[in-house]
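Sequential numbering from 1 along the given sequence is applied to the chain's residues. Heavy atoms only: backbone and side chains are in, while hydrogens, waters and symmetry mates are out.
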Amino acid sequence: MVQITDKYHIPKTYEEALRTPQEEEWREAVLEELNLMNRKHVYTLVNKSKVPRKKIVKSKWLFSVELDSETGEDVFKARIMAKGFTQRKGINYGETSAPTATYETVRLVLSLSAMMNWDILQVEATDAFLNAKSQYDIYLEPPDATTGDSNIVWKLNRTVYGLKQSARGWYFTVRDFLKNNGFKNSAVEPCLFWRKGVMLILYVDEFLICGKNKSIKETLQLLGKDFEMKIIGYPNNFLGINIRKTDNGIILTSEDQIDRMVKEFDFSFSGRRLDTPLAKGFEKKEDNSPPLNKKEHSVYRSLIGKLLFLANSVRVDIAFAVSYL
């Protein structure tokens, strides 16, 4: 889904949502979120007087509208978010880092898939963080329109979005589930898993599954036992990389990212093709260059950052030039 930001007024609170023309849509979105939390047994009601104040984490509603690419309809969403900045280390969180797959791993697995003529499927775990069990005693002060009683807090059985350790808890939940079901985990790439006939890459809440058709179906059935999965299909775009299957293999490009950069920075091209991205004999001459003003500095840093993404993901041919600049 693609988030819509300019078509509707996005409220910041539940009360504000009820004052918009889309009052009923927001009510339904809130009810859907609360039903989801109840279905997954995310919390248990506890009297606030029985909980040390320093263990209580504040929360809020996060509202958004997304475009459903399949139906073309606007989907109103409401999510309960913990205010992670109100957590205290050692009291309701510890380690927070969570591994993510590297671009080298993605390229390697796709290369192997091309060599073995494997199928490739992208799936997404819906409401992923709500599947991770909480390792700490965390009490959440519920947002408006939930309990109706200010003396009640939620003791979290599972992590919620916004907690500092949610992503880490989700990763270990998936890792342990896969390892308990016959998958091996790479010692050097924590987000790479495999068993006979299939390889799987985890990137936050998205899975890239490569393998024989039968093995992919078995993996989907396995994941569906513990997690609610949404099938995206062939990964035309994964982590900003455009993936196109051809008769001769798989082609990786950064077409979408480059198109966005051309529009953002208003590039113009002469149409002349260059074999090297850096002119022969090019030399930085800092002493002779006029200093950039504040706005130019910001634009330059932004441009280099986006070029670094290209160089690190697919366009390794520009790595030296970008590093030099």
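A 4.5 Å side-chain heavy-atom check between Lys217 and Val198 finds every atom pair outside the cut-off. You'll find the side chain of Leu36 reaches within 4.5 Å of the side chain of Glu33, heavy atoms only.
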Review item, side-chain donor-acceptor pairs of residues 48-60, under 3.5 Å, at least two apart:
| residue | atom | partner | partner atom | Å |
| --- | --- | --- | --- | --- |
| Lys48 | NZ | Glu141 | OE1 | 3.3 |
| Ser49 | OG | Asn47 | OD1 | 2.6 |
| Ser59 | OG | Glu141 | O | 2.5 |

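Residues Val204 and Trp170 come closest through the heavy atom pair O-NE1, 2.6 Å. A pairwise comparison of heavy atoms in Leu292 and His297 identifies O-CD2, 3.3 Å as the closest pair. When every heavy atom of Ile152 is checked against every heavy atom of Pro142, the shortest pair comes out as O-CD, 3.6 Å. When all heavy atoms of Thr173 and Asn131 are compared, the pair lying nearest together is CG2-O, 3.8 Å. When all heavy atoms of Leu222 and Phe177 are compared, the closest pair comes out as O-CZ, 3.2 Å. Closest approach of Trp26 to His9, counting heavy atoms only: CZ2-O, 4.3 Å.
Ring to ring, Phe309 and Tyr103 are close: their centroids are under 6.0 angstrom apart.
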**Message:** Would Asp74 and Lys7 count as a salt bridge (charged side-chain N to carboxylate O under 4.0 Å, His left out) here? Give the steps.
**Reply:** CA-CA 10 Å; Asp74 297 342; Lys7 192 174 178 180; 2.9 Å; yes
What verdict does the side chain to side chain donor-acceptor pair (under 3.5 Å) test give for Gln165 and Thr159, after you've listed the backbone C-alpha separation in whole Å, the side-chain angles of each residue and the deciding distance to 0.1 Å?
CA-CA 8 Å; Gln165 67 269 42; Thr159 61; over 6 Å; no
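Other residues, nucleotides and ligands contribute more than 12 heavy atoms inside 6.0 Å of the CD atom of Glu104.
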